[in-house]
Amino acid sequence: MSLLTRASKVNNLKTLQNPPSSNSPFLLPDPVTITNLLLKSNNPESLAQCINTVSPWTPGLVQAILKRLWNHGPKALQFFKLVEDHPSYSHSAIAFDHAIDIAARIRDYKAMWTLVCKMRSMRLGPSPKTFAIMMERYVSAGKADKAVKIFMSMHEYGCQQDLYSFNALLDVLCKSKRAEMAYGQFKVFRGRFRADVVSYNIIANGFCLKKQTPRALEVMKEMIERGVEPTLTTYNILLKGYFRAGQINEGWEFFLQMKKRKLEIDVVTYTTVIHGFGVTGEVEKSRKVFDEMIGAGVLPSVATYTALIQVLCKKDCVENAIIVFEDMLMKGYVPNATTYNVIIRGLCHAEKIDMAIEYMDKMKDDCEPTIQTFNVVIRYCCEDGKIEKALEIFDKMNGGSCLPNLDTYNILIGSMFVRKKSDDLLVAGKLLIEMVGRGFVPRRLTFNRVLNGLMLTGNQGFAQEILRLQSTCGSLPRHFRL
DNA sequence: CTAGGGTTAG
């Protein structure tokens, strides 16, 4: 029985008879179905067969599948390599960028550079965007120097260094809390790349992220001295910086100054203040500012509502948060995944897990549940002792909108020790094997806990298998995040 | 994927 006919029996796939250029039935190009088939294909032959079953392959389809395989790097790269042999398809620059991102994420830098070379030989890049991706990955792997180095060598790959890519470098450094390093680069190259208001804003935000508001203020002074006029974005960055650093009074004063100077306060400004006050417990002030913005004729956004809802969840009660949620629906807003995640987290926190799961179902009408949705619900199920329920939700992720990530595995494996059941440890071992197969590198602690557990429950054979697995990825960095 | 607001636990 062919892969397709077997699969169509199982999954009730839609098939077409007599397609234009083939005499076998082929799949309608639906990314969800194809991704699920790819996930089930455990050897190169069935994978290739699965790819040949689809027609036509388009750049959009390949991108959608790569996105779905985001948390299964090895499979994504395997797919990327096989689909390029398909006669009627040729990779787009965007697909290359995705694949490069994925290779870097699982720290397969050799594969990453191979892709860069291939991309170049096909004259599809690498583009400044490609470099931004690689710089971000190097920085998040703790290799900031390497990121600077590849920025410096961009031109050797036929990619022009310009203000855009320079700002991208600064941003990547700042977002990883390396504001000082970014500022160093900035001082050296600001003349050469003609640093603009965006460059200054990135640096100011970098200091704000490190809660160094005085430094951010200095950057703002410096830009004025050099004839670069701050924008509303600059002020919003500083405002957020004060709240983030816990300088509530300074934040409020800064907000008053902004109004006094007749800056056109926008929805971002208000949202910053609503959130800033709320998280310190000043719920009434939050609500007041919310009313004030409406009075001032500034329309709240979904983010504004989400901020207020989160504040109520954390500092008031989830019931009041739901009232605001309903109010936002009535006004015609469509909540997005962040809004739902905030409500779902609030419900979980109030130990209303069944209701949280109801909201997760309701969410599907407006947007897809995200990895955060699953992780929150799974985490609280586990904490509540509902481990079967957690595993049931976990199972639904394969074939759903997103695959489990490192956090998901850590949460589940961690909860396999609480019941002191031998079977749970077998599940933990199975999860460990699965996560390694998907390109994640478990911490040494995780390995040790599972190994000890298996030994204690008399599963020496399985423990040996896990030990062999550990040795295959022992040389890799121990901490692998996002 | 050149800048600002809303998701992460103890």
Side-chain angles (χ1 to χ4, degrees), chain A residues 94 97-98 100-101 126-137 161-175 182 193-206 208-209 216 219 223 228 230-241 243-244 258 265-276 278-279 286 289 293 298 300-314 324 328 333 335-346 348-349 363 367 369-376 379-380 382-383 405 407-408 410-411 414 481-482:
Chain A
I94 299 168
D97 282 345
H98 272 292
I100 286 165
D101 202 359
S127 68
K129 193 174 141 192
T130 316
F131 276 90
I133 290 165
M134 293 193 291
M135 291 190 298
E136 188 189 325
R137 290 299 160 204
Q161 279 172 323
D162 53 11
L163 180 58
Y164 274 42
S165 46
F166 179 57
N167 284 343
L169 172 70
L170 298 180
D171 196 42
V172 155
L173 293 174
C174 284
K175 297 261 162 74
F193 294 114
R194 302 182 169 276
D196 62 354
V197 59
V198 177
S199 323
Y200 279 102
N201 285 347
I202 290 168
I203 300 290
N205 190 43
C208 285
L209 287 172
V219 172
M223 69 193 282
V228 179
T231 60
L232 181 59
T233 300
T234 319
Y235 289 97
N236 285 339
I237 286 168
L238 261 296
L239 182 66
K240 172 75 189 172
F243 284 113
R244 186 186 286 112
M258 285 173 73
I265 307 284
D266 69 358
V267 56
V268 176
T269 318
Y270 281 111
T271 306
T272 304
V273 177
I274 289 165
H275 182 255
V279 293
S286 256
V289 175
M293 83 182 279
V298 178
S301 65
V302 172
T304 317
Y305 272 101
T306 307
L308 185 60
I309 287 167
Q310 194 212 140
V311 160
L312 295 172
C313 282
K314 280 195 168 165
V324 174
M328 122 184 226
Y333 287 88
N336 59 25
T338 310
T339 321
Y340 276 103
N341 288 343
V342 163
I343 285 273
I344 289 169
R345 181 170 288 114
C348 285
H349 209 78
M363 169 176 195
C367 53
T370 65
I371 189 68
Q372 288 91 341
T373 323
F374 285 105
N375 287 352
V376 164
R379 168 175 274 125
Y380 279 92
C382 288
E383 280 183 15
N405 69 2
D407 285 334
T408 325
N410 281 337
I411 295 162
R481 296 219 144 253
L482 196 89

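The chains referred to below are lettered A, B, ... by the order of the sequence lines, with proteins before strands, and numbering in each begins at 1.
Side-chain atoms of Val198(A) lie closest to dT2(B) of the nucleotides dG5(B), dT2(B), dC1(B). Residue Asn341(A) places its side chain closer to dT7(B) than to any other of dT7(B), dA3(B), dT2(B). Considering only side-chain atoms of Ala307(A), the nucleotide from dG6(B), dG5(B), dA3(B) that sits closest is dG6(B). Comparing dG6(B), dC1(B), dA3(B) against the side chain of Ala303(A) picks out dG6(B) as the nearest.
Between the P atom of dA3(B) and the CG atom of Leu170(A) lies a distance of 11 Å, rounded to the nearest Å. Spacing between atom CZ of Phe131(A) and atom P of dT2(B) amounts to 14 Å, rounded to whole angstrom units. For the pair Leu312(A) CG and dG6(B) C1', the interatomic distance rounds to 13 Å; values are reported in whole Å. One atom, NZ of Lys240(A), and another, P of dG5(B), lie 6 Å apart when rounded to the nearest Å. Counting to the nearest Å, the C1' atom of dC1(B) and the CG atom of Asp97(A) are 9 Å from each other. A straight line from OH of Tyr270(A) to C1' of dG6(B) spans 18 Å, rounded to a whole angstrom. At whole-Å resolution of the value, CG in Asn167(A) and P in dT2(B) are 9 Å apart. The CG atom of Asp196(A) sits 12 Å away from the P atom of dT2(B) (whole-angstrom rounding).
Looking at Thr271(A), its side chain comes within 3.5 Å of the base of dG5(B) through a donor and an acceptor atom. Side-chain atoms of Thr269(A) and base atoms of dG5(B) include no donor and acceptor less than 3.5 Å apart. Side chain Asn336(A) to base dG6(B): a donor-acceptor pair is found below 3.5 Å. For Ser301(A) against dG5(B), a side-chain N or O and a base N or O form a donor-acceptor pair under 3.5 Å.
If you check the side chains of Thr338(A) and Asn341(A), you find no donor sitting under 3.5 Å from an acceptor. Side-chain polar atoms of Asn201(A) and Thr233(A) form no donor-acceptor pair below 3.5 angstrom. Side-chain contact annotation: Thr269(A) with Thr272(A), donor-acceptor N/O pair under 3.5 Å absent.
Aromatic ring orientation, Phe166(A) versus Phe193(A): parallel (interplanar angle below 30°, classes split at 30° and 60°).
No contact: Asp162(A) has no heavy atom under 4.0 Å from any strand. Across all strands, Leu308(A) comes closer than 4.0 Å to no nucleic acid atom at all (heavy-atom distances). Across all strands shown, Thr304(A) has heavy atoms under 4.0 Å from base atoms, whether or not it also approaches the sugar-phosphate. Residue contacts shown for Val302(A) include a base, since a base heavy atom lies under 4.0 Å away. In this structure, Ile133(A) reaches the bases: a heavy-atom distance under 4.0 Å links it to at least one base atom across the strands shown. Within 4.0 Å (heavy atoms only), Ser165(A) reaches no atom of the nucleic acid at all. Within 4.0 Å of Thr338(A), counting heavy atoms only, lies at least one base atom of the nucleic acid.
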ask   = Can you list the steps and then say if Tyr305(A) with Thr339(A) is a side-chain contact (heavy atoms from CB on, under 4.5 Å)?
value = CA-CA 8 Å; Tyr305(A) 272 101; Thr339(A) 321; 5.7 Å; no

Worked verdict on Asn205(A) versus Ile202(A) for side-chain contact (heavy atoms from CB on, under 4.5 Å) = CA-CA 5 Å; Asn205(A) 190 43; Ile202(A) 290 168; 5.8 Å; no

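For the P atoms, the distance from dT7(B) to dT2(B) is 24 Å, rounded to whole Å. Comparing the same atom, C1', in dG6(B) and in dG10(B) gives a spacing of 23 Å after rounding to whole Å. Remark: the separation of the P atoms in dC1(B) and dG5(B) is 13 Å, to the nearest Å.
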inquiry  = Only Watson-Crick and G-U wobble pairs with both distances less than 3.5 Å should count. Give DNA chain B in dot-bracket notation, marking inter-strand partners with |.
reply    = ..........

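Here the closest heavy-atom approach between residue Thr271(A) and residue Ala303(A) is recorded as CG2-O, 3.9 Å. What you find for Cys367(A) and Tyr340(A) is that their closest heavy atoms are SG-CD1, 4.0 Å.
Contact annotation: His275(A) side-chain N/O to dG5(B) OP1/OP2 distance is not under 4.0 Å.
Between Val219(A) and Tyr200(A) there is a side-chain heavy-atom pair separated by less than 4.5 Å. Within the 4.5 Å cutoff, the side chain of Ile265(A) has no heavy atoms near those of the Val298(A) side chain. Under the 4.5 Å side-chain criterion, counting only non-hydrogen atoms from C-beta, Glu136(A) is not in contact with Asp101(A).
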All N/O contacts under 3.5 Å from nucleotides 8-10 of chain B to the protein, with atom names and distances to one decimal?
| residue | atom | partner | partner atom | Å |
| --- | --- | --- | --- | --- |
| dT8(B) | OP1 | Arg345(A) | NH1 | 3.1 |

